[in-house]
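Every value quoted in this text rests on a predicted model; they were computed, and no experiment measured them.
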Amino acid sequence: MRRLLFGVLVAVLPSLAAQAQSLVGALEWLPPGSLSVESLTRHPEEQLEGGEKQSFYVDLGRLAFRSPDVLGGTARKAGLSCQACHANGFATTAFFIPGLSNKPGSIDVSHAFWNLRGEDGIDNPLEIPSLRGVKTKDRFGQDRRTASLRDFTRRVIVTEFAGAEPDALLLDALIAYQEKLQPAAAVYEPVSLRQDLADLTRYLDALRVPLAEEESALAERMTVMIRSQIGFIHERFADDDLRGSRGLLEEWSRQLAQIALQAEQGRWVQARTARADLRQAIAKPPAVLAADLPRSLYQPEHLKMWLSKPVR
Ligand code: HEC
């Protein structure tokens with residue numbers, strides 16, 4: 001669809017937010033009325049084949065699936081990742097962007113809003129599919145034109161969402177993760193701080209691999225992705241008086257930046273020690289986070305109020 005008003009996008013926003021993980025990015029870059037409190041505070045349980053212990057490929061893919069910087073253009077700026085539309089591998093049924101969706105759970109992915117080069121000149125929102133059981137499929141997309149999950153995933157990143165050409169490892173990882181999404185009934189659970197912190201420890205476990213291999217480019221890439229996940233948690237502690245929690249999260253993010261720097265400088269021993277220390281700190285976080293939680297945007301009522309305020 002062509003006629004989306006770019007100028008309107010930064011306007012005022014009463015009930016903003018589809019399931020984006022970045023509240024602030026969505027407020028700034030998606031049109032008013034885009035997102036729902038529902039999809040920001042509840043999602044289907046993940047249920048990966050093989051449970052939580054997974055290979056590095058799956059864990060890297062899991063992180064990349066949640067990382068807006070895998071995509072480009074507006075999606076990245078709005079903080080949208082694969083996870084925004086395919087929450088935990090299911091379809092995000094409440095996803096809705098005015099002008100790009102014709103009903104909740106649909107979206108036009110061949111639109112200049114995402115990628116000027118991908119615009120097909122047709123108003124054609126498609127239903128977001130669940131990726132559950134995608135491993136067993138032999139054709140992808142509603143037009144069934146693509147026979148390889150790898151080709152389809154590359155197309156999603158580059159053609160639909162204007163991302164940079166993914167390298168082989170990133171694609172391997174995204175495929176490995178998607179192949180673990182076995183068919184399952186969607187059982188909804190709250191989006192929770194507890195789980196977001198558990199995810200951080202999991203990403204830090206995966207970060208051991210490039211630090212052990214002394215692969216600085218991969219270590220750097222992963223720290224960038226992990227820092228944006230910390231940023232999403234940070235956004236949920238939005239109130240002025242939750243400065244303690246925000247400061248703590250900023251400190252963790254700085255430590256990750258430091259690890260990337262140490263990796264770049266070849267100070268591997270320090271980088272590995274810093275990773276282990278940070279992993280431990282996150283596994284037993286200071287009490288301030290739990291104390292601030294009731295006033296954070298993990299609480300649906302607070303999130304609703306926050307979204308209804310004028311642009312900050
Ligand atoms: C803004 C929402 C949105 C985002 C972000 C998004 N998708 Fe999708 N996805 C869709 C829609 C809509 C379709 C249906 C497209 C079609 O049929 O051509 C789809 C289709 C797919 C399919 C085909 C499934 C099938 O059964 O045919 C795969 C695989 C997929 N997406 C993976 C991904 C991955 C991996 C990412 C991140 C790199 C991603 N998607 C990001 C909306 C999204």
Side-chain angles (χ1 to χ4, degrees), residues 17-23 25-26 35-71 75 78-97 104-107 109 126-137 140 149 152-153 156-157 161 170 173-206 225-226 228-233 235-236 297-298 300 303:
Q19 159 151 1
Q21 299 133 310
S22 169
L23 304 174
L35 311 166
S36 72
V37 173
E38 167 69 16
S39 59
L40 288 165
T41 53
R42 269 160 45 90
H43 58 196
E45 282 173 11
E46 188 175 31
Q47 309 179 55
L48 281 191
E49 184 185 332
E52 287 194 8
K53 275 267 158 266
Q54 298 286 349
S55 72
F56 173 73
Y57 288 102
V58 175
D59 279 335
L60 176 62
R62 188 171 180 276
L63 173 59
F65 194 83
R66 288 157 174 75
S67 295
D69 77 281
V70 167
L71 308 176
L80 297 176
S81 61
C82 316
Q83 171 80 356
C85 290
H86 304 284
N88 284 339
F90 293 86
T92 306
T93 51
F95 194 91
F96 189 87
I97 298 185
S106 77
I107 187 77
V109 285
L126 295 174
E127 195 165 315
I128 301 171
S130 166
L131 303 180
R132 296 275 149 183
V134 85
K135 176 166 91 171
T136 58
K137 286 195 159 181
F140 302 92
L149 181 57
F152 196 92
T153 300
V156 169
I157 295 173
F161 297 112
L170 191 71
L174 279 169
I175 303 306
Y177 174 69
Q178 291 180 81
E179 289 188 344
K180 291 290 174 186
L181 301 167
Q182 83 233 20
V187 179
Y188 280 80
E189 63 179 2
V191 170
S192 67
L193 173 66
R194 186 190 52 72
Q195 199 181 49
D196 285 353
L197 292 177
D199 276 349
L200 284 185
T201 60
R202 201 160 157 182
Y203 304 142
L204 281 162
D205 286 339
M225 293 198 275
I226 302 170
S228 67
Q229 301 299 314
I230 294 179
F232 299 148
I233 302 175
E235 287 179 359
R236 299 248 176 181
L297 304 182
Y298 281 97
L303 180 61

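- Taking both residues in full, the closest heavy atoms of L48 and Y177 are given as CD2-CE1, 3.8 Å, listed atom of the first, atom of the second, then distance.
- Checking N88 against R62 by side-chain atom types alone, no donor-acceptor pair falls below 3.5 Å.
- What you find for F90 and E45 is that their closest heavy atoms are CE1-O, 3.3 Å.
- Between Q195 and H43 there is a side-chain heavy-atom pair separated by less than 4.5 Å.
- Counting non-hydrogen atoms of other residues, nucleotides and ligands closer than 6.0 Å to CD of E127 gives a total of 12 or fewer.
- We find the CG-CZ distance between D59 and R202 to be 5.0 Å, quoted to the nearest 0.5 Å.
- Judged by distance alone, with hydrogens and angles left aside, the side-chain atoms of R236 form a donor-acceptor pair with the main-chain N or O of L297 at under 3.5 Å.
- Applying the side-chain contact (heavy atoms from CB on, under 4.5 Å) criterion to A173, with sequence neighbours excluded, gives L60.
- Side chain of S67 to main chain of V70: no donor-acceptor pair is present (N/O by atom type, distance under 3.5 Å, no hydrogens or angles).
- In terms of heavy-atom proximity, H86 sits nearest to P129 at ND1-O, 3.0 Å.
- Looking at R66 and Y203, their side chains come closer than 4.5 Å, going by heavy atoms from C-beta outward.
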- Steps toward side chain to side chain contact (heavy atoms under 4.5 Å, CB included) verdict (T153, F140): CA-CA 10 Å; T153 300; F140 302 92; over 6 Å; no
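- Taking all atoms of both residues into account, the shortest heavy-atom contact from L170 to A64 is CD1-CB, 3.8 Å.
- Contact annotation: the side chain of Q178 approaches that of L149 to within less than 4.5 Å [non-hydrogen atoms, C-beta and beyond].
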- Message: Before you tell me yes or no, could you show the steps for L193 and I233 under side chain to side chain contact (heavy atoms under 4.5 Å, CB included), namely the whole-Å CA-CA distance, both residues' side-chain angles and the distance that decides it to 0.1 Å?
- Response: CA-CA 8 Å; L193 173 66; I233 302 175; 3.8 Å; yes
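- Looking only at distances, no side-chain donor or acceptor of Q54 sits under 3.5 Å from a matching main-chain atom of A176.
- Side-chain atoms of P68 and F232, non-hydrogen and from C-beta on, do get closer than 4.5 Å to each other.
- Scanning both residues, P44 and A186, for their nearest heavy atoms gives CB-CB, 4.0 Å.
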- Task: Take L131 and F65 through the test side chain to side chain contact (heavy atoms under 4.5 Å, CB included) and record every step on the way to the result.
- Result: CA-CA 12 Å; L131 303 180; F65 194 83; 3.8 Å; yes
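- From F95, atom CZ reaches atom CD1 of I128 across 5.5 Å, with rounding to the nearest 0.5 Å.
- For the atom pair L126 CG and S106 OG, the distance stands at 8.0 Å (nearest 0.5 Å).
- No donor-acceptor pair closer than 3.5 Å links the side chain of S228 to the backbone N or O of G231.
- Atoms CG and NZ, on L181 and K135 in that order, are 10.0 Å from each other to the nearest 0.5 Å.
- Separation of atoms CG (L200) and CD1 (I230) is listed at 5.5 Å; rounding is to 0.5 Å.
- Looking at Q182, its side chain does come within 3.5 Å of a backbone N or O of E49 through a donor-acceptor pair.
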- Task: List the steps and the verdict of side chain to side chain contact (heavy atoms under 4.5 Å, CB included) for R132 and Q47.
- Result: CA-CA 10 Å; R132 296 275 149 183; Q47 309 179 55; 4.1 Å; yes
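- Pairing each heavy atom of E235 with each of S22, the nearest pair is OE2-OG, 3.0 Å.
- Heavy atoms of other residues, nucleotides or ligands lying less than 6.0 angstrom from OH of Y57 number 12 at most.
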- List the steps, then state whether side chain to side chain donor-acceptor pair (under 3.5 Å) holds for Y298 with R194. CA-CA 10 Å; Y298 281 97; R194 186 190 52 72; over 6 Å; no
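- Summarising the geometry, atom CD belonging to E179 is positioned 11.5 Å from atom CG belonging to L174; distances are rounded to the nearest 0.5 Å.
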